[in-house]
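To start, the structure itself, in structure tokens.
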Amino acid sequence: MAQSLDRLKESPSQTAGPYVHIGLTPNFCGIGGVYQSDLGSTMLNGETKGEHIELRIRVLDGTGTPLKDALIEIWQADANGLYNSPAELRGAADPNFQGWGRQPTDMETGVCLFRTIKPGRVPFRDGRLMAPHITLWIVARGINIGLLTRLYFSDEEKANAEDPILARIEHRVRVPTLIAERQGDTYVFDVHLQGEKETVFFDS
């Protein structure tokens, strides 16, 4: 006799690691022949419009120790604030810009590097312009559900002050945890999983 549907229970959640790299970044793991290069490893080329930048990202646990087995995906608009997506109805995005990237953190240093562009401003649902930002999705061993957050830029003070998302964060003291600091052509960003500096995470 079939079990009644009202008695079914949710399956237990399962951590994304330690096998997440085998499935998503096989070349990084030394597994060749699956993809010529790991999906999401290259976001731009020499024809990509906008300011080319490097993102240097770390994911830190509650003791401030970098996670060396994390994997990060980013999603962003192009230099004109347009997404490379069929859902983008405001115009055509830069065909030379992927708009999406995936990188593992280095197994020795815990640092993750993306070569991308600084995105343009995108309208909020009420029409107000958001500050330039990049969305991050983070998984690692011990993280059962992928974490979603944003990265803003330290040299966009005026736009950050006008951003409707930053203005709505209840604990304003945590807004700085979303700001990447500029160092030359590189933006440095730490994601804090716990502690006083815990990063603001969003519902996925």
Q | ILVMFWY network linking Leu113 to Met107, side-chain heavy atoms under 4.5 angstrom | A | no
Q) If only atom types and distance count, is the side chain of Asp38 paired as donor or acceptor with the main-chain N or O of Asn27 below 3.5 Å? A) yes
Q. What closest approach, in Å, do Ala70 and Val59 show between heavy atoms, and which atom pair accounts for it?
A. CB-CG2, 4.3 Å
Q) Are any side-chain N or O atoms of Ser154 and backbone N or O atoms of Arg182, one a donor and one an acceptor, separated by less than 3.5 Å? A) yes
Q: Give the minimum heavy-atom separation between Ala77 and Pro119, together with the two atoms involved.
A: O-CB, 3.4 Å
Q | Side-chain (Arg125) to main-chain (Gly127) donor-acceptor, under 3.5 angstrom | A | no
Q) Could you go step by step and tell me if Arg102 and Phe28 meet the side-chain contact (heavy atoms from CB on, under 4.5 Å) rule? A) CA-CA 11 Å; Arg102 174 191 290 156; Phe28 174 77; over 6 Å; no
Q: Enter the distance from Leu55:CG to Ile74:CD1 here, rounded to the nearest 0.5 Å.
A: 5.5 Å
Q.
Quick check: is Leu136 connected to Phe201 through a chain of hydrophobic side chains (ILVMFWY, heavy atoms under 4.5 Å apart)?
A. yes
Q.
Could you measure the distance from the CG atom of Asp190 to the CG atom of Leu151? Nearest 0.5 Å is fine.
A. 10.5 Å
(Q) I need the minimum non-hydrogen distance between Met130 and Ile165, along with the two atoms involved. (A) SD-CG1, 4.0 Å
Q.
Between Val175 and Val188, is there shared hydrophobic-cluster membership here, with clusters defined by ILVMFWY side-chain heavy atoms closer than 4.5 Å?
A. no
(Q) Side chains of Thr42 and Gln98, heavy atoms from C-beta outward: is any pair under 4.5 Å? (A) no
Q.
Tell me the closest heavy-atom pair linking Cys29 and Ile22, and the distance in Å.
A. SG-N, 3.8 Å
Q | Main-chain N/O of Leu166 paired to Asp163 side chain as donor or acceptor, under 3.5 Å | A | yes
Q) Rounded to the nearest 0.5 Å, what separation is found between the CG atom of Asn96 and the CG atom of Asn84? A) 10.5 Å
Q: Go through Phe114 and Ile134 one step at a time and tell me if the side-chain contact (heavy atoms from CB on, under 4.5 Å) criterion holds.
A: CA-CA 11 Å; Phe114 288 92; Ile134 294 175; over 6 Å; no
Q: Output yes when a side-chain donor or acceptor of Asn80 lies under 3.5 Å from a complementary backbone atom of Leu82, and no otherwise.
A: no
**Q.** Electrostatic pair Glu156-Arg121, nearest N-O below 4.0 angstrom
**A.** no
Q) How are the rings of Tyr83 and Trp75 set to each other: parallel, tilted or perpendicular (split at 30° and 60°)? A) parallel
Q) Is the NZ atom of Lys49 crowded by more than 12 outside heavy atoms at less than 6.0 Å? A) no
Q.
Are Leu178 and Val122 linked, directly or through intermediate hydrophobic residues, by side-chain heavy-atom contacts shorter than 4.5 Å (ILVMFWY only)?
A. yes
Q. Given Leu147 and Trp137, is the side-chain contact (heavy atoms from CB on, under 4.5 Å) satisfied, shown in steps?
A. CA-CA 6 Å; Leu147 301 173; Trp137 182 74; over 6 Å; no
Q | Verdict with reasoning, Glu54 to Asp185, per side-chain contact (heavy atoms from CB on, under 4.5 Å) | A | CA-CA 6 Å; Glu54 180 181 82; Asp185 292 332; over 6 Å; no
Q) Do side-chain atoms of Arg174 reach the backbone of Ile169 as a donor and acceptor pair under 3.5 angstrom? A) no
Q: List the atom of Ala140, the atom of Leu67, and the distance in Å for their closest heavy-atom pair.
A: CB-CD1, 4.1 Å
Q. Looking only at heavy atoms, which two atoms of Thr48 and Leu44 are closest? And how far apart?
A. OG1-CB, 3.3 Å
Q) Has the side chain of Thr135 got a donor or acceptor atom that lies under 3.5 Å from a matching backbone atom of Arg150? A) no
Q: May I ask you to check whether over 12 heavy atoms, not counting those of Asn45, lie within 6.0 Å of atom CG?
A: yes
Q | Spacing of Leu24 atom CG and Glu73 atom CD [to the nearest 0.5 Å] | A | 6.5 Å
Q) Given the rule that I, L, V, M, F, W and Y join up when any side-chain heavy atoms are under 4.5 Å apart, are Leu193 and Val111 in one cluster? A) no
(Q) Once rounded to the nearest 0.5 Å, what's the spacing between atom CG of Leu60 and atom NE2 of His192? (A) 5.5 Å
Q | Reported CD1-to-OH distance for the pair Ile53 and Tyr187, which is rounded to 0.5 angstrom | A | 6.0 Å
